[in-house]
Amino acid sequence: MFKVLKIILVAFFLICAFVLGSQNPQLVQINYIIASNTLPLAVIISICFLIGVVIGCFISFKIFSKLKWQNYRLKKQLAPEKDKNKLPANKDA
């Protein structure tokens with residue numbers, strides 16, 4: 001179910017990007033510190049979107065790896081307590 005939803009969302013964003021690009025053919029001048037360049041508005045929007053996605057992925061990766069490491073440490077801490085709480089085997093039976 002999640003896979004189908006993901007495919008639908010990706011297709012939706014691609015369609016939106018195509019429509020946005022086809023509706024914005026104007027040329028825009030970008031001034032850098034050293035130079036300047038003239039690009040179509042759709043290209044500039046796409047570049048900014050991709051930069052945002054990459055930055056978001058890096059931040060998410062950092063947060064998720066930090067949480068996974070914390071989860072690992074807590075599970076390791078909890079493991080000796082689980083061993084202590086186990087009932088001894090019934091030797092009479």
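What you see is a predicted model, and the numbers here were worked out from it, not measured in a lab.
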Within-4.5 Å side-chain heavy-atom neighbours: Leu74 and Gln77: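 When only atoms from C-beta onward are counted, Gln77 and Leu74 do touch, with a gap below 4.5 Å.
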Does Gln70 reach the side chain of Leu67, with side-chain heavy atoms less than 4.5 Å apart?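 Contact flag for Gln70/Leu67 side chains = yes.
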Is there a chain of hydrophobic side chains (I, L, V, M, F, W, Y, each step under 4.5 Å between heavy atoms) that links [X] to [Y]?
{"X": "Leu41", "Y": "Leu39", "answer": "yes"}
{"X": "Val28", "Y": "Ile45", "answer": "yes"}
{"X": "Leu50", "Y": "Phe18", "answer": "no"}
{"X": "Phe49", "Y": "Val19", "answer": "no"}

Closest non-hydrogen atom pair, Leu27 against Pro40: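 Leu27 and Pro40 have their closest heavy atoms at CD2-N, 3.8 Å.
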Would you name the heavy atoms of Gln23 and Gln26 that are closest together and state the gap between them?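 Residues Gln23 and Gln26, closest heavy atoms: O-OE1, 4.3 Å.
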Gap separating the [atom1] atom of [X] from the [atom2] atom of [Y], nearest 0.5 angstrom:
{"X": "Gln29", "Y": "Ile44", "atom1": "CD", "atom2": "CD1", "result": "10.0 Å"}
{"X": "Thr38", "Y": "Asn31", "atom1": "OG1", "atom2": "CG", "result": "8.5 Å"}
{"X": "Ser65", "Y": "Tyr72", "atom1": "OG", "atom2": "OH", "result": "15.0 Å"}

Within 6.0 angstrom of Tyr32 OH, more than 12 heavy atoms from elsewhere: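 Yes, because the 6.0 Å sphere around OH of Tyr32 holds more than 12 heavy atoms from other groups.
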